[in-house]
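In what follows, residues are counted from 1 in the order of the sequence shown. Nothing here was measured: the structure is a model prediction, and the numbers come from that model.
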Amino acid sequence: FSGRTSVVKLRIPETVTSIGESAFQNCSGLKIVELPGSLSSIGEKAFDGCKGITHISSKNDSPIAINNNVFSSYGATLFVPHKDKYKIGGWDNFLTVVEGYLVDVPTYDGMTFDCVQKGDSVSVATLTKSSATGSVVNVPSTVKVGDVSFQVTTISANAFSGNSSVEELTIPDGIRTIGVSAFQNCSKLKKVWLPSTLDSLGSLAFDKCTGIKEIYVNVPAAKLFAINDNVFPTSIWPTADVYVPEGAMATYKNKDGWKRFEKYSEGKREQATVDDMTYEYLTVAKTATLISTTTEQADLSIIGKAKIG
């Protein structure tokens, strides 16, 4: 296969036990490689010159050492059954190693995910990069590959970095980790919704997002974690409105990183529909915003008060 530049995804079946020297050398278009558990040897320079590889999945539960020149670059993410078993010659050059089997790398609404199967029952996805161009971005809580749903749990480092389109960002429950610089320099970002499940927010995650005006954080007081002072730009500390769960304000005001913000309010963002009109409101506040309607009445009166709940 040497020099076959048209190959993008390579899946090698379980019947193969050996890959020869330079077998896929200079397959410059190759991005995804799936190696079987049956492999007992990989020849020197087998993937030399394949600098575009981004994902390598190995099913081998007892890997053999490989020469350092099998791959010409070790920047790809390596997916393996057991991370500890891959701390051997050649494989230990990879900087990013994920435990689990890579199922697919789908893209939805401009967002790309690594869908990984961990064991027999755990299916998780990581949002690795985004080229979304809409002003409103709703990160999905799950993505589907065939009939299997993968729970989105992580947003990788730099995933949205430099996105100049997004103005409103909603991150759903289920996501636990937001990586370093994940939304750095999203210059038009104004509103951010963070989920109750979040337990890690990387340094510089919202660095240079100086246009942020509202941050809705649903992490309860009992699970609130400290953040680095550089997660958000210092310029928004006195100006951004931060909305937190009812009864949690005192905890936020005393927690490292969060305590830098000066404008706090309590309440969870909710939506409700009354008489064909949909309102958005904070559970503690007594005010609501009319955001949409399905009415087709020719003579329409908008009420000043609506009873919700």
Side-chain angles (χ1 to χ4, degrees), residues 127 136-142 151-155 166-179 182-183 186 189-203 205-206 209-293 302-309:
L127 198 172
V136 177
V137 172
N138 295 299
V139 175
S141 58
T142 60
Q151 174 73 55
V152 182
T153 60
T154 303
I155 298 175
V166 59
E167 297 180 19
E168 297 186 14
L169 170 69
T170 300
I171 300 173
D173 278 349
I175 288 182
R176 300 173 61 88
T177 302
I178 296 175
F183 298 94
C186 289
L189 190 58
K190 297 176 182 177
K191 295 182 180 181
V192 179
W193 285 270
L194 299 176
S196 63
T197 52
L198 193 66
D199 56 25
S200 177
L201 190 50
S203 294
F206 292 94
C209 300
T210 55
I212 294 177
K213 299 183 183 299
E214 299 175 21
I215 304 171
Y216 297 83
V217 194
N218 289 322
V219 179
K223 295 183 177 180
L224 185 63
F225 54 93
I227 61 174
N228 196 297
D229 282 348
N230 65 12
V231 168
F232 295 95
T234 58
S235 62
I236 72 168
W237 288 348
T239 59
D241 291 307
V242 183
Y243 299 91
V244 300
E246 187 173 355
M249 188 185 300
T251 303
Y252 275 79
K253 284 186 173 182
N254 286 284
K255 185 66 70 173
D256 285 349
W258 299 107
K259 66 184 180 182
R260 300 295 186 181
F261 289 98
E262 299 178 15
K263 298 172 66 177
Y264 274 101
S265 297
E266 289 186 350
K268 185 179 180 182
R269 181 188 65 156
E270 298 282 5
Q271 289 185 4
T273 300
V274 180
D275 297 331
D276 298 324
M277 297 187 185
T278 300
Y279 299 87
E280 187 174 271
Y281 64 96
L282 289 174
T283 52
V284 177
K286 300 297 183 182
T287 59
T289 300
L290 175 61
I291 59 173
S292 65
T293 180
I302 298 176
I303 59 176
K305 292 182 178 181
K307 186 175 181 180
I308 298 175

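Atom CG of residue Asp229 and atom CG of residue Asp256 lie 7.5 Å apart, to the nearest 0.5 angstrom. Rounding to the nearest 0.5 Å gives a distance of 10.0 Å between CG of Leu224 and CG of Leu198. Note that the OH atom of Tyr216 and the CG atom of Leu194 stand 12.0 Å from one another [nearest 0.5 Å]. For the atom pair CZ of Phe206 and CD1 of Ile236, the computed distance is 9.0 Å after rounding to the nearest 0.5 Å. Note that CD of Glu168 is 8.0 Å distant from CD of Glu214, once rounded to the nearest 0.5 Å. Here the CG-CD1 distance, from Leu169 to Ile215, works out to 11.0 Å after rounding to the nearest 0.5 Å.
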Pairs of donor and acceptor atoms involving the side chains of residues 248-255, under 3.5 Å and at least two apart or interchain, shall be tabulated with distances.
residue : atom : partner : partner atom : Å
Tyr252  : OH   : Val219  : O            : 2.6
Asn254  : ND2  : Ala250  : O            : 2.7

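Checked options Thr154, Ile171, Leu127; the residue passing with Ile178 is Ile171 (criterion: side chain to side chain contact (heavy atoms under 4.5 Å, CB included)). Considering Val242, Thr210, Leu201 as possible partners of Phe232, the one that fulfils the side chain to side chain contact (heavy atoms under 4.5 Å, CB included) test is Leu201.
For Lys223, the NZ atom sits in a loose shell: 12 or fewer heavy atoms of surrounding residues, nucleotides or ligands are nearer than 6.0 Å.
Considering every non-hydrogen atom in both Pro220 and Ser196, the closest pair reads CD-O, 3.8 Å. Pairing each heavy atom of Asp173 with each of Gln151, the nearest pair is O-NE2, 4.0 Å. Of all non-hydrogen atoms in Pro195 and Asn218, the two that sit nearest each other are C-CB, 4.0 Å. Looking at every heavy atom in both residues, Cys209 comes nearest to Pro233 through O-CG, 3.6 Å.
Here the side chain of Thr197 pairs a donor or acceptor atom with the backbone of Ile175 at under 3.5 angstrom. Side-chain atoms of Asn230 never come within 3.5 Å of backbone atoms of Ser203 as a donor-acceptor pair (strictly under, hydrogens ignored). Between the side chain of Glu266 and the main chain of Tyr243, no donor-acceptor pair closer than 3.5 Å is present. In this structure, Trp258 contributes its side chain and Phe225 its backbone to a donor-acceptor pair below 3.5 Å.
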Worked verdict on Thr177 versus Ile155 for side-chain contact (heavy atoms from CB on, under 4.5 Å): CA-CA 6 Å; Thr177 302; Ile155 298 175; over 6 Å; no
